[in-house]
Amino acid sequence: MACASFANLNASSSQWIGRQSFTQRNGSSKCLATRRVSLPIRASAYTDELIQTAKTIASPGRGILAIDESNATCGKRLASIGLDNTEPNRQAYRQLLLTTPGLGEYISGAILFEETLYQSTTDGKKFVDCLRHQNIVPGIKVDKGLVPLPGSNNESWCQGLDGLASRSAEYYKQGARFAKWRTVVSIPSGPSALAVKEAAWGLARYAAISQDNGLVPIVEPEILLDGEHPIERTLEVAEKVWAEVFFYLAENNVTFEGILLKPSMVTPGAEHKEKASPETIAKYTLTMLKRRVPPAVPGIMFLSGGQSEVEATLNLNAMNQSPNPWHVSFSYARALQNTVLKTWQGQPENVEAAQKALLVRAKANSLAQLGKYSAEGESEEAKKGMFVKGYTY
């Protein structure tokens, strides 16, 4: 008689809930004796809430506004329009963005820096309440930045796991409901197997800790645009990176239905001699995603990574010309803010015009998420590329 062993699986595609059961065999292959061993697998108390939060963010025609720049990076943005890097100036700019009337029609989530999560408007209304009022989910950047990775090919790793659980619990109390952790992979640097594994493991540990504290983790291994490589090389690296990421997410019992992804689009290196069309980028990017991302994941929220505002929108639109297994949308920073910042110029009288500029970009990407965008009438400013070699946040 054949010998069989059974494992009781939960309906969830991504983790086993309750008890994971193995059968240990003693004796010969005739299965004379068996002994069942059960190992407990923890289920997050927040599972239902995480799934609902992820679905809310991945809602039709909406995407994420990323304004989680560190104070140093925000200072660079302010300096570009002649403003000093002070808290009142950072507050004024973030207030402009987060109080834009009608923003919630196109934006479902906003990633904040820690300072912003605890800030209020000049008239005392908490920024998180401004977002909630428009049905926008507040999010928080939780990583502590990139540092050199010893033993690698001049690559980096992302720090911030120490104390993450307690910080995440506090962010949840303050109103955050999702988190972001950004690590990077450099194609010109290899990438080395060490760097890929470190990136994947760090993302998986962060994701598990975030879910344990009620935050939907955005999983972001950014494959940098730097380099002269062709699009085929980017595809090869992206497939390797995402295979590692999902292996370790599963190892850490992360609930796939309660995460969001923030991948780079599959493009040639920024210094490659030939540019790819939106249709080609869409083809390669969707090929990679279909090979690596389970349909249980609710949302793919692309980063712009230095593309121009129009490029990022055109590429997103091309990916939504036919149905996908997941919500395919955006989580843009510079590709939503560039024109806004230049319109504002730090002048109170320009706030309304700057907010209208934000709505123009947000609506354009909303249409792209629905596959209905046209670049007709876009400004020359919106077509300017924003790639910076070796860019740091």
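Counting from 1, the numbers follow the sequence of the chain as shown. Hydrogens, waters and symmetry mates are skipped; everything else that's a heavy atom, side chains included, is used. Values in this document were obtained by computation on a predicted structure and should not be read as measured data.
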Would a single hydrophobic cluster contain both Met288 and Phe256, if residues Ile, Leu, Val, Met, Phe, Trp and Tyr are joined by side-chain heavy-atom contacts under 4.5 Å? yes
Once rounded to the nearest 0.5 Å, what's the spacing between atom OG1 of Thr287 and atom OH of Tyr284? 8.0 Å
The criterion is salt bridge (charged side-chain N to carboxylate O under 4.0 Å, His left out); which residues satisfy it with Arg62, sequence neighbours excluded? none
Would you indicate whether the side-chain heavy atoms of Leu224 and Val185 approach each other to under 4.5 Å? no
Less than 4.5 Å apart, side chain to side chain, heavy atoms only: is that true for Lys180 and Ile140? no
Is there a side-chain contact between Asp143 and Leu161 (heavy atoms, below 4.5 Å)? no
If we ignore hydrogens and angles and just use 3.5 Å, is the side chain of Gln355 paired with the main-chain N or O of Leu96 as donor and acceptor? yes
Spell out, as yes or no, whether a donor-acceptor pair under 3.5 Å connects the side chain of Ser152 to the backbone of Ala195. no
Determine which pairs satisfy ring-ring contact (aromatic ring centres under 6.0 Å, His included) with at least one residue from residues 155-196, sequence neighbours left out, and list them in order. Tyr46-Tyr172, Trp181-Tyr206
Salt bridge between Glu352 and Lys356, side-chain N to carboxylate O under 4.0 Å? yes
Evaluate Leu249 against Ile259 for side chain to side chain contact (heavy atoms under 4.5 Å, CB included), listing each step before the verdict. CA-CA 10 Å; Leu249 287 173; Ile259 67 174; 4.2 Å; yes
ILVMFWY cluster membership beyond Ile51 - transitive side-chain contacts under 4.5 angstrom: none
Donor + acceptor pair across side chains of Thr122, Gln91 (<3.5 Å): no
Under 3.5 Å donor-acceptor, Glu271 side chain and Gly227 backbone: yes
Please answer whether the main-chain N or O of Gly75 pairs with a side-chain N or O of Arg90 as donor and acceptor at a distance below 3.5 Å. no
Going by side-chain heavy atoms closer than 4.5 Å, which hydrophobic residues are tied to Phe247, directly or by a chain of links? Trp201, Tyr248
If you count heavy atoms of other groups shown closer than 6.0 angstrom to CD of Gln345, is the number above 12? yes
List for me each residue that meets side-chain contact (heavy atoms from CB on, under 4.5 Å) alongside Ser168, sequence neighbours excluded, and say none if there are none. Leu164, Asn213, Leu215
Just grab all the side chain to side chain donor-acceptor pair (under 3.5 Å) pairs involving residues 319-328, residues at least two apart or on different chains. His327-Gln369
Least distance between heavy atoms, Phe246 atom then Leu261 atom: CZ-CD1, 3.8 Å
Look at Lys197 together with Glu244 and state whether they make a salt bridge at an N to O cut-off of under 4.0 Å. no
Keeping Asn135 on the side-chain end and Gly104 on the backbone end, is there a donor-acceptor pair under 3.5 Å? no
For Ser366 and Gly61, indicate whether the former's side chain and the latter's backbone hold a donor-acceptor pair under 3.5 Å. yes
Only one of Lys290, Arg233, Arg291 forms a salt bridge (Lys or Arg N to Asp or Glu O under 4.0 Å) with Glu239, so which one is it? Arg291
Are Glu170 and Tyr118 side-chain neighbours, meaning at least one heavy-atom pair lies under 4.5 Å? yes
Just how far is it from atom OG of Ser331 to atom CD1 of Ile300, taken to the nearest 0.5 Å? 12.0 Å
Same hydrophobic cluster for Ile67 and Leu336, using side-chain heavy-atom links shorter than 4.5 Å among ILVMFWY? yes
